[in-house]
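No hydrogens, no waters, no symmetry mates; every other heavy atom, side chains included, goes into these values. FYI, the numbering just counts along the sequence from 1. All ligand and atom numbering here is 1-based and tracks the order in the structure. Bear in mind the structure is a predicted one, so any value in this text is a computation, not a measurement.
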Amino acid sequence: MIYTCYEMVRDCRAGAAEGWTYFIAHYIPVIRKALAHYVPERADDPALLQRILQSARKPESFIFHASEQPEERWFVSQLRQLTIAELGAPAAELPIDLEILTAALEPLTMTERQAAWFETMRYTPAQAGPMLRVSPETVEAVRARAAELLRGKVDAWRRTLLADNGPALGHEAAAVTTEDCMPAKAFLDVVDGRTTWRGRQDMDRHLRTCWHCTDHFCRILESVHLLRDTPELSDAECEPFRKLFGIAPPPKSGWKRLIGRA
Ligand SMILES: [Zn+2]
């Protein structure tokens with residue numbers, strides 16, 4: 001039996017134990033991987049993880065309000081947002097906003113903007129390169145150019161300006177949507193090679209001015225990275241979380257019984 005993210009979301013919404021059992025085994029490791037990246041010093045804090053899980057279980061959580069088909073990469077990109085929300089978005093010492101970024105990075109292409117945006121998400125060129133399917137050297141070169149362009153638009157500058165402003169810029173980007181903003185499916189189509197030349201042109205044009213979609217696209221690419229080589233929890237590792245969620249352990253012999261009956 002293939003149980004997918006789609007069925008998991010359906011079961012979670014219905015309050016069925018299967019949904020949350022699957023969530024615990026498959027997506028707690030993803031949350032941990034995101035925490036290890038964004039807040040390595042707090043990645044093993046059980047209270048932080050518990051707060052994130054409680055927030056996922058709340059009726060207002062995205063799990064209960066998804067307007068899109070719950071494709072796994074979309075799900076992980078939303079789970080990442082929920083995780084980040086628990087971390088807060090403190091203002092940087094030298095704050096910049098999206099308006100400055102739009103003005104400064106105007107000459108850059110869609111992929112170049114993404115290379116720069118991944119810096120706000122604290123990914124190194126070695127990590128961002130494979131996500132964008134370009135070399136780390138290309139990412140490095142684009143970032144150096146973006147830094148110089150930005151330098152021309154601000155009074156006070158330092159090389160880490162984008163990374164320093166990452167949480168605040170991410171928060172701002174998530175909040176500003178336009179009527180032309182694209183669904184996750186549009187970005188998944190590009191990743192999976194299903195988009196047309198025309199579709200790609202339209203996306204290019206829109207992302208030139210829209211940081212909301214640039215961020216969304218980068219988060220979809222990040223979700224592939226967060227899922228890759230991330231093993232699910234063992235039954236023993238799941239147990240404390242099932243207790244936390246008030247879920248009974250799955251019957252161990254259920255699968256064998258089914259086979260025997262057939
Ligand atoms: Zn947009």
Using every non-hydrogen atom in the two residues, find where Glu140 and Pro125 come nearest and quote the distance to one decimal. OE1-CG, 3.7 Å

Between Asp235 and Arg242, is there a salt bridge with N-O shorter than 4.0 Å? yes

Give me each pair satisfying ring pair (Phe, Tyr, Trp, His ring centres under 6.0 Å) with a member in residues 175-205, each pair once, sequence neighbours excluded. Phe187-His216, Phe187-Phe217

For atom OH of Tyr6, is the number of surrounding heavy atoms from other residues, nucleotides or ligands below 6.0 Å larger than 12?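 For Tyr6, atom OH is not crowded (no more than 12 foreign heavy atoms under 6.0 Å).
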
Which atom pairs, one a donor and one an acceptor, fall under 3.5 Å between side chains of residues 79-94 and the rest of the protein, sequence neighbours left out?
unit_1	atom_1	unit_2	atom_2	d
Arg80	NE	Tyr38	OH	3.3
Arg80	NE	Glu222	OE1	3.1
Arg80	NH2	Tyr38	OH	2.8
Thr83	OG1	Leu79	O	2.8
Glu86	OE1	Arg51	NE	3.3

Please list every donor-acceptor pair under 3.5 Å in which a side-chain atom of residues 168-179 meets a protein atom from a residue at least two apart or in another chain.
unit_1	atom_1	unit_2	atom_2	d
Glu172	OE1	Leu98	N	3.3
Thr178	OG1	Asp180	N	3.3
Thr178	OG1	Cys181	N	3.4

Would you list the protein N, O or S atoms within less than 2.8 Å of the Zn ion (ligand 1), leaving out water?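 The answer, once waters are left aside, is Cys181 SG, His206 NE2, Cys210 SG, Cys213 SG.
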
